[in-house]
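See below for the structure under consideration.
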Amino acid sequence: KNEVEQSPQNLTAQEGEFITINCSYSVGISALHWLQQHPGGGIVSLFMLSSGKKKHGRLIATINIQEKHSSLHITASHPRDSAVYICAAQGAQKLVFGQGTRLTINP
Amino acid sequence: DSGVTQTPKHLITATGQRVTLRCSPRSGDLSVYWYQQSLDQGLQFLIQYYNGEERAKGNILERFSAQQFPDLHSELNLSSLELGDSALYFCASSVEAGGTYEQYFGPGTRLTVT
């Protein structure tokens with residue numbers, strides 16, 4: 001079992017839908033990162049959180065430390081949100097990555 | 001643009017060869033991380049440097065080595081290359097070395113070993 005598990009692995013939705021991507025981890029962490037990787041390959045850091053909830057535009061990230069679970073939500077999804085979303089658990093020394101969720105938003 | 005630069009963008013080389021990937025961190029960032037992203041393994045942490053010193057090591061092969069120079073740029077050296085080393089190599093930087101500092105990723109170097 002991987003230390004960081006994401007679900008679903010693939011997600012296709014229609015423009016405007018509310019999207020949820022889940023991340024569960026089994027390691028102790030100091031922070032949980034959400035990253036976005038576009039088809040060109042570049043990686044952008046979306047959120048880093050250690051408790052509660054953060055919001056940036058249409059993106060919301062939450063974390064439940066007791067349950068070792070985090071979610072990334074996208075409201076009013078748009079085709080430009082199509083990308084791979086990766087969660088990463090920050091341990092004492094290193095980031096441990098999930099396998100990513102490939103999101104496709106159709107117009 | 002994250003402020004982290006990596007060169008080259010693409011590299012094609014043959015098995016058995018040696019290559020050097022270069023990374024310049026964001027201005028003011030002291031910590032540099034190297035990651036490998038392959039199709040079958042996903043993203044994996046290789047190594048971290050902080051202000052010139054190795055700080056943490058991940059799944060880095062013995063054929064690979066890295067260093068961070070006094071001007072804080074970093075190089076990742078890959079030798080005796082194998083087909084399986086074909087991957088995207090990212091570096092990232094952060095202000096400090098601790099776990100609660102955001103990391104900023106470079107655009108990556110795509111290495112193809114033929």
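We use all heavy atoms of the structure for the numbers below, so side chains are in, but hydrogens, waters and symmetry mates are not. Order of the sequence lines sets the chain letters (A, B, ...), proteins ahead of strands, with each chain counted from 1. Note that the structure is a prediction, hence the values are computed from the model and not measured.
In this structure a side-chain-to-backbone donor-acceptor pair under 3.5 Å is present from B:S74 to B:Q67. Listed for the A:Q99 side chain is no donor-acceptor partner under 3.5 Å among the backbone atoms of A:E5. No side-chain donor-acceptor contact under 3.5 Å links B:S2 to the backbone of B:Y104.
Neither the backbone nor the side chain of A:L49 comes within less than 4.5 Å of any heavy atom in chain B. When heavy atoms are compared at a cutoff of 4.5 Å, B:Q103 approaches chain A by way of both its backbone and its side chain. Looking at A:S45, both its backbone and its side chain come within 4.5 Å of chain B, counting heavy atoms on both sides. Proximity to chain A is limited to the side chain of B:L88, based on heavy atoms less than 4.5 angstrom apart. Contacts between A:I29 and chain B at a heavy-atom distance below 4.5 Å are absent for every atom of the residue.
Inspection of the B:S24 and B:H73 side chains reveals no N or O donor paired with an N or O acceptor under 3.5 Å. Judged by distance alone, the side chains of A:T101 and A:Q6 do bring a donor and an acceptor atom under 3.5 Å apart.
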